[in-house]
Amino acid sequence: MSASCAFPMCVRASRGLLRLRCGAPAAVDVVRTLSTDKPAAGHDGATGGLAQAILQERLQQQSQGQPPPAEGVEAARGGGEQAGGDKKQKENTAYAKKMVLRLAGLMGLGGAVSIVYIFEPPVVQQLKRTVKYFQDYRQMIIEPTSPKLLPDPVKEPYYQPPYTLVLELTDVLLHPEWSLATGWRFKKRPGIDYLFQQLAPLYEIIIFTAETGMTAYPLIDGIDPQGFVLYRLFRDATRYMDGHHVKDVSCLNRDSSKVIVVDCKREAFSLQPFNGMALKKWDGNSDDRTLYDLANFLKTIALSGVDDVRSVLENYAAEDDPVDAFKRRQAQLAQEEEQRVGEWSQQKNSGLSLGSIASRFWRSKQQ
């Protein structure tokens with residue numbers, strides 16, 4: 001073979017070796033092997049030397065960061081297209097999984113609806129009973145237990161007091177105290193016995209408290225051994241409004257014009273503000289005389305035969321302590337009455353003296 005034919009063969013050989021170099025790391029070993037082999041005799045030696053020179057030049061260019069030949073670029077493009085196809089396949093797989101999960105959810109919902117439809121009578125009845133239970137429980141907390149908390153007034157020959165007195169238990173009649181040694185204890189306010197004895201013939205005495213019946217019932221037994229309290233109402237009879245237990249006078253089944261509510265919180269009678277008296281909260285002081293003064297105040301109202309107690313209590317609605325205000329007014333009235341009696345006595349004495357002088361003058365004239 002001539003030298004002119006040997007050169008193209010060398011070029012083709014070098015391209016093949018370059019493909020091996022760009023395709024895989026094993027190609028480097030092949031190139032190194034070819035470059036270290038001894039050349040053959042004749043023109044084959046020349047061809048081998050030329051191929052070795054070309055290979056060394058290509059390897060030097062690649063080590064200097066020059067771009068790979070066109071065959072390497074095409075291989076890189078093929079790898080990118082393969083990576084894009086893998087990504088698209090992963091997206092399709094995720095979408096398929098999502099659709100399967102949705103379909104499974106719809107099937108589960110349909111199965112639940114079918115079960116409810118098949119077993120409708122027992123399931124629906126149980127749900128209705130549960131809902132009704134919670135509604136009744138809420139109603140019991142918010143609304144009074146009955147629109148008529150008290151029985152109808154008694155008729156002759158039985159005696160029905162003309163007025164109704166509603167008393168709070170906590171901080172009006174009793175004061176709760178707690179200590180480490182005794183725990184919770186309730187102190188009896190001075191004047192409870194006097195209050196009951198003085199008002200029992202004139203008022204229908206009712207204890208209406210925001211405490212529970214379990215707590216309040218034995219306490220009422222302790223402060224009223226003689227049975228002056230005719231009726232007892234507890235927390236379940238109140239109306240729960242804005243965080244307060246309100247005593248609705250309209251639910252007592254009594255004439256509202258003859259009902260007086262005594263409490264230490266104005267919110268307790270907020271529905272009928274002129275039916276109530278707000279006393280100061282008792283702090284447990286043993287020298288307290290409020291119940292004595294309260295008994296005199298309520299006794300005065302009853303003995304005066306007031307047609308509507310609201311007209312009287314309205315005058316004390318703005319007072320911080322209505323009992324103390326009543327005492328001041330009573331003292332002022334007593335002073336005015338004493339002054340009036342003194343003036344009348346003085347006029348009477350002066351009239352008697354003038355009459356005696358005139359009678360003496362008349363007798364002397366006749367003589």
Side-chain angles (χ1 to χ4, degrees), residues 140-141 144-146 148-154 158-179 182-240 244-249 251-254 258-269 275-286 288-295 297-299 302 323:
M140 182 183 67
I141 295 175
T145 53
S146 173
K148 290 185 178 182
L149 298 174
L150 299 178
D152 294 334
V154 297
Y158 301 100
Y159 175 70
Q160 175 69 34
Y163 299 94
T164 301
L165 177 62
V166 179
L167 296 171
E168 171 59 45
L169 187 65
T170 305
D171 295 325
V172 174
L173 301 179
L174 297 175
H175 177 67
E177 294 180 343
W178 187 89
S179 64
T182 62
W184 281 107
R185 298 181 65 183
F186 289 84
K187 188 175 182 179
K188 185 178 178 180
R189 191 170 192 173
I192 290 181
D193 297 332
Y194 178 82
L195 178 72
F196 289 163
Q197 291 172 1
Q198 293 294 316
L199 300 181
L202 304 173
Y203 287 86
E204 182 183 28
I205 301 177
I206 300 169
I207 289 185
F208 193 175
T209 177
E211 301 290 339
T212 61
M214 185 179 299
T215 302
Y217 213 94
L219 296 176
I220 298 173
D221 290 338
I223 65 175
D224 183 33
Q226 299 179 359
F228 290 115
V229 178
L230 298 180
Y231 300 104
R232 309 174 182 189
L233 298 174
F234 307 105
R235 180 181 297 176
D236 57 346
T238 62
R239 189 183 300 276
Y240 192 74
H244 301 284
H245 293 281
V246 181
K247 302 166 185 177
D248 192 353
V249 175
C251 296
L252 292 178
N253 194 26
R254 295 293 184 269
K258 300 292 191 295
V259 177
I260 297 177
V261 180
V262 178
D263 205 302
C264 59
K265 299 178 181 178
R266 295 184 182 274
E267 294 83 4
F269 49 86
N275 277 105
M277 292 179 58
L279 302 183
K280 284 188 175 180
K281 186 176 179 180
W282 182 46
D283 57 359
N285 183 15
S286 300
D288 183 79
R289 305 287 297 177
T290 302
L291 293 186
Y292 293 99
D293 299 331
L294 177 64
F297 177 41
L298 297 177
K299 190 175 180 179
V323 175

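The line from CG of L230 to CD of E204 is 5.5 Å long, rounded to the nearest 0.5 Å. The distance from atom CG of D248 to atom OG1 of T238, rounded to the nearest 0.5 Å, is 10.5 Å. The distance from atom NZ of K188 to atom OG of S286, rounded to the nearest 0.5 Å, is 13.0 Å. Separation of atoms CG (N275) and CZ (F269) is listed at 9.5 Å; rounding is to 0.5 Å.
Put simply, the side chain of T170 reaches to within 4.5 Å of the side chain of P176, judged on heavy atoms. Residues Y231 and L150 form a side-chain contact, since some pair of their non-hydrogen atoms from C-beta on lies under 4.5 Å apart. Within the 4.5 Å cutoff, the side chain of L149 has heavy atoms near those of the P144 side chain. When side chains are defined from C-beta on, L252 counts as touching L233, because their heavy atoms get closer than 4.5 Å. Put simply, the side chain of L202 does not reach to within 4.5 Å of the side chain of P161, judged on heavy atoms. Looking at heavy atoms from C-beta onward, L165 lies in side-chain contact with L199 at the 4.5 angstrom threshold. The shortest distance between side-chain heavy atoms of I260 and V166 does not fall below 4.5 Å. Side-chain contact between L195 and L167 is present, with heavy atoms from C-beta onward closer than 4.5 Å.
Remark: K265 NZ is loosely packed, at most 12 non-hydrogen atoms of other residues, nucleotides or ligands lying under 6.0 Å away. Within a 6.0 Å radius of OH in Y158, no more than 12 heavy atoms belonging to other residues, nucleotides or ligands are found. Residue K148 qualifies as open at atom NZ: its count of foreign heavy atoms under 6.0 Å is 12 or below. Counting heavy-atom neighbours within 6.0 Å of R185 CZ, excluding the residue itself, gives a total of 12 or less. The environment of K187 atom NZ is dense: over 12 non-hydrogen atoms of other residues, nucleotides or ligands sit within 6.0 angstrom. Atom OH of Y217 has 12 or fewer heavy atoms from other residues, nucleotides or ligands within 6.0 Å.
Salt bridge status for R189 with D171: absent, with no side-chain N to carboxylate O gap under 4.0 Å. Using a 4.0 Å cut-off between charged side-chain N and carboxylate O, D221 and R232 make a salt bridge.
For the pair R254 and P151, the tightest heavy-atom approach, listed with the atom from each and the gap, is NH1-O, 2.6 Å. When all heavy atoms are compared, the tightest approach of A210 to R235 is O-NE, 2.7 Å.
Of the residues listed (L173, L291, L294), the one engaging V262 in a side-chain contact (heavy atoms from CB on, under 4.5 Å) is L294, and it is the only one.
At least one donor-acceptor pair under 3.5 Å links the side chain of Y203 to the backbone N or O of L298. Judged purely by atom type and a 3.5 angstrom limit, D236 has no side-chain atom pairing as donor or acceptor with the backbone of T145. Formation of a donor-acceptor pair under 3.5 Å by the Q160 side chain with backbone atoms of V154 is found in this model. Without hydrogens or angle criteria, D224 side chain to F228 main chain gives a donor-acceptor distance under 3.5 Å. Remark: side-chain polar atoms of S179 are paired, donor with acceptor, to backbone N or O of T182 under 3.5 angstrom.
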- Message: side chain to side chain contact (heavy atoms under 4.5 Å, CB included), that's the test. Do F234 and M214 meet it? Break it down for me.
- Response: CA-CA 9 Å; F234 307 105; M214 185 179 299; over 6 Å; no
- Message: Under the criterion side chain to side chain contact (heavy atoms under 4.5 Å, CB included), I'd like the reasoning laid out for L279 against D263: C-alpha separation, chi angles, the key distance, then a yes or no.
- Response: CA-CA 6 Å; L279 302 183; D263 205 302; over 6 Å; no
- Message: Set out, in order, the CA-CA distance, both residues' side-chain angles and the distance that settles side chain to side chain contact (heavy atoms under 4.5 Å, CB included) for I207 and E168, then state yes or no.
- Response: CA-CA 6 Å; I207 289 185; E168 171 59 45; over 6 Å; no
- Task: Evaluate side chain to side chain contact (heavy atoms under 4.5 Å, CB included) for T290 paired with W282, printing each intermediate quantity in order.
- Result: CA-CA 9 Å; T290 302; W282 182 46; over 6 Å; no
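Figure legend: K247 and F208 shown as a cation-pi pair, the cationic atom lying under 6.0 angstrom from the six-membered ring centre and within 45 degrees of its axis.
Y240 and H245 have their aromatic ring centers within a separation under 6.0 angstrom.
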